[in-house]
**Q** 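Input: one structure, supplied below.
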Amino acid sequence: MSVILSVRDLTRYYGRIRAVDGISFEVPSGSVYGLLGPNGSGKTTSLSMIMGSVIPQSGTFQWFGNDKYTPHDNMRIGALVEAPRFYPYLTLEQNLLILARIKGVAPEDIRRVLEITQLWPRRLSRYFTLSLGMKQRLGIAAALLGDPEVLVLDEPANALDPEGIADIRHIIQEEASKGKTILMASHILDEVEKVCSHAAILKKGKIIADGPVGELLSEGDSLVVEAFETEKLFKVLEESPMVTSVRRENNTLVLVLKKDVSPADINQLAYSRGIVLTRLEKRKKSLETQFLELVKEEKG
Ligand code: ATP
């Protein structure tokens, strides 16, 4: 799979604040890549650097394998990074017409992007009359003008109600299914878990974990096991080098496995000690639990 964006050691300080501190990551073609982090962790600064509006102090990035960000690349990327500036007293259509002219996009494309974002019926409304969710969708519509192959979205669902969040999620999923590559920043972990194929977790300007969301989820999974001889099993597991920790929940034992240890290994271990497991189940941690744990670990 080819790489759309490659970031190496990108760094930006503001005085003594390390907004972004040597981050590196790669966005594979066709992925929905989430930059996940709490407020102030450096997401907006990172996106602003790769969009060319903030100059990094050090580090490099490559779009489409090119060293320099060119006007041609600009046409291939649709971005919603800083709050979009629309004219409050112009209609949605008029606002998009101005943007289409700036981008060199045919006016016919306006209908397409307004339909994708379900704003076509409101095309003659003035911008200031829109709800927050509609304003956010119009920002995405603007990013979609010209049908770019990459979308860069900073907190696209920020401050929206559950319905508004679901609308944005739907648009992102639709665009991803068309083969677009999407890089989005978010502090809503549940959203990243639902929408993203890959994620990097940012904390205080540093990436503390990254990779396919499936892998981020599986690392450190816990396993739920039961047997008739609970105490004997507990002792075996407690002494096993394959197990990080084991605790009791009534007649159930909950284990955290060392990396690369599978549930089958645990089954075999029990069997070799003459214990038959009556239950063996993986318990997936949400990315949110993992995120909180990772942030806590970093503090320690
Ligand atoms: P949020 O979700 O709250 O927008 P973020 O993860 O996008 O946060 P950034 O906006 O990139 O984080 O900010 C990272 C750090 O850099 C913060 O401590 C912020 O105060 C600081 N910062 C960002 N922009 C500037 C600036 N122009 N001048 C000074 N400090 C800045």
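Counting begins at 1 with the first residue of the sequence. Just so it is clear, the model here is predicted, and its values are computed rather than measured.
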**Q** I'd like to know whether CD of Glu229 has more than 12 heavy-atom contacts from other residues, nucleotides or ligands below 6.0 angstrom.
**A** yes
**Q** Would Leu202 and Leu36 satisfy side chain to side chain contact (heavy atoms under 4.5 Å, CB included), going step by step from the backbone distance to the final call?
**A** CA-CA 6 Å; Leu202 265 178; Leu36 236 186; over 6 Å; no
**Q** Kindly determine whether Val7 and Ile23 satisfy side chain to side chain contact (heavy atoms under 4.5 Å, CB included), including the steps that lead there.
**A** CA-CA 7 Å; Val7 172; Ile23 61 166; 4.3 Å; yes
**Q** If you group Ile, Leu, Val, Met, Phe, Trp and Tyr by side-chain heavy-atom gaps below 4.5 Å, do Ile140 and Met75 land in one group?
**A** no
**Q** Tell me, please, whether Phe64 has Arg76 positioned over its six-membered ring: NZ or CZ under 6.0 Å from the ring centre and within 45 degrees of its axis?
**A** yes
**Q** Going by the rule side chain to side chain donor-acceptor pair (under 3.5 Å), which residues pair with Ser262 if we only count those two or more places apart in sequence or in a different chain?
**A** Asp265
**Q** Could you tell me whether Asp161 atom CG has more than 12 heavy atoms of other residues or ligands within 6.0 Å of it?
**A** yes
**Q** Start with the C-alpha gap between Phe86 and Leu99, add the side-chain angles, then the distance that decides, and say whether side chain to side chain contact (heavy atoms under 4.5 Å, CB included) holds.
**A** CA-CA 9 Å; Phe86 293 110; Leu99 288 175; 3.6 Å; yes
**Q** Look at Glu26 together with Arg8 and state whether they make a salt bridge at an N to O cut-off of under 4.0 Å.
**A** yes
**Q** Using 0.5 Å steps for rounding, measure from the CD atom of Gln94 to the CZ atom of Arg126.
**A** 8.0 Å
**Q** Could you list the residues that satisfy side chain to side chain donor-acceptor pair (under 3.5 Å) with Lys194, not counting sequence neighbours?
**A** Asp190
**Q** Shared ILVMFWY cluster between Leu80 and Trp63, side chains joined below 4.5 angstrom?
**A** no
**Q** Might you work through the salt bridge (charged side-chain N to carboxylate O under 4.0 Å, His left out) test for Glu115 and Arg112, ending with a clear yes or no?
**A** CA-CA 5 Å; Glu115 279 177 348; Arg112 186 187 67 86; over 6 Å; no
**Q** Does a donor on one side chain and an acceptor on the other come within less than 3.5 Å for Thr11 and Gln57?
**A** no
**Q** Please check if atom CZ in Arg169 has more than 12 non-hydrogen atoms from other residues, nucleotides or ligands closer than 6.0 Å.
**A** yes
**Q** Run the salt-bridge test on Glu231 and Arg248 with the 4.0 Å N-O cut-off and return the result as yes or no.
**A** yes
**Q** What is the distance from atom OG1 of Thr129 to atom NZ of Lys135, rounded to the nearest 0.5 Å?
**A** 8.0 Å
**Q** In terms of relative ring orientation, are Tyr89 and Phe128 parallel, tilted or perpendicular, with 30° and 60° separating the classes?
**A** tilted
**Q** Among the clusters formed by ILVMFWY side chains lying less than 4.5 Å apart, do Val195 and Ile4 turn up in the same one?
**A** no
**Q** Are Ile201 and Met184 joined in one hydrophobic group, where the rule is that I, L, V, M, F, W and Y side chains link up if heavy atoms are under 4.5 Å apart?
**A** no
**Q** Could you give the distance from CZ (Phe228) to CG (Leu277), rounded to the nearest 0.5 Å?
**A** 11.0 Å
**Q** Begin from the C-alpha positions of Glu175 and Lys180 and carry the test salt bridge (charged side-chain N to carboxylate O under 4.0 Å, His left out) through to its verdict.
**A** CA-CA 6 Å; Glu175 290 306 302; Lys180 285 199 165 71; 3.1 Å; yes
**Q** Answer yes when Lys43 and Asp154 have at least one side-chain N-carboxylate O distance shorter than 4.0 Å, and no when they do not.
**A** no
**Q** With a 4.5 Å cut-off on side-chain heavy-atom distances among I, L, V, M, F, W and Y, is there a chain of contacts connecting Leu151 to Tyr33?
**A** no
**Q** Is Glu239 salt-bridged to Lys235, going by a charged N under 4.0 Å from an acidic O?
**A** yes
**Q** Working to the nearest 0.5 Å, report the span between CG of Leu183 and CE of Met51.
**A** 9.5 Å
**Q** Got a sec: does the OH of Tyr87 have more than 12 other heavy atoms crowding it under 6.0 Å?
**A** no
**Q** For residues Thr117 and Leu138, determine if any side-chain heavy atom of one lies less than 4.5 Å from a side-chain heavy atom of the other.
**A** no
**Q** Could you list the residues that satisfy salt bridge (charged side-chain N to carboxylate O under 4.0 Å, His left out) with Arg18, not counting sequence neighbours?
**A** Asp21
**Q** Hey, could you give me the OG/CG distance between Ser53 and Leu47, rounded to the nearest 0.5 Å?
**A** 9.0 Å
**Q** I'd like to check the salt bridge (charged side-chain N to carboxylate O under 4.0 Å, His left out) partners of Glu93; sequence neighbours left out, ordered by chain and number.
**A** none
**Q** I'd like to know whether Ile77 forms a side chain to side chain contact (heavy atoms under 4.5 Å, CB included) with Val152, so could you lay out the CA-CA distance, the side-chain angles of the two residues, the decisive distance to 0.1 Å, and finally the verdict.
**A** CA-CA 7 Å; Ile77 306 165; Val152 177; 3.7 Å; yes
**Q** Return the CG to CD1 distance between Leu269 and Ile275, rounded to the nearest 0.5 Å.
**A** 7.5 Å
**Q** Just to verify, what does Glu163 make a salt bridge (charged side-chain N to carboxylate O under 4.0 Å, His left out) with, not counting sequence neighbours?
**A** none
**Q** What are the two closest heavy atoms between Pro263 and Leu280, and how far apart are they?
**A** O-CD2, 3.9 Å
**Q** Salt bridge (charged side-chain N to carboxylate O under 4.0 Å, His left out) with Glu108: which residues, sequence neighbours excluded?
**A** none
**Q** For Gln62 and Ser6, run side chain to side chain donor-acceptor pair (under 3.5 Å): C-alpha distance rounded to whole Å, both residues' side-chain angles, the deciding distance at 0.1 Å, then the answer.
**A** CA-CA 5 Å; Gln62 283 194 333; Ser6 170; 5.1 Å; no
**Q** Can you spot which of Ile110, Leu144, Leu119 makes a side chain to side chain contact (heavy atoms under 4.5 Å, CB included) with Leu96?
**A** Ile110
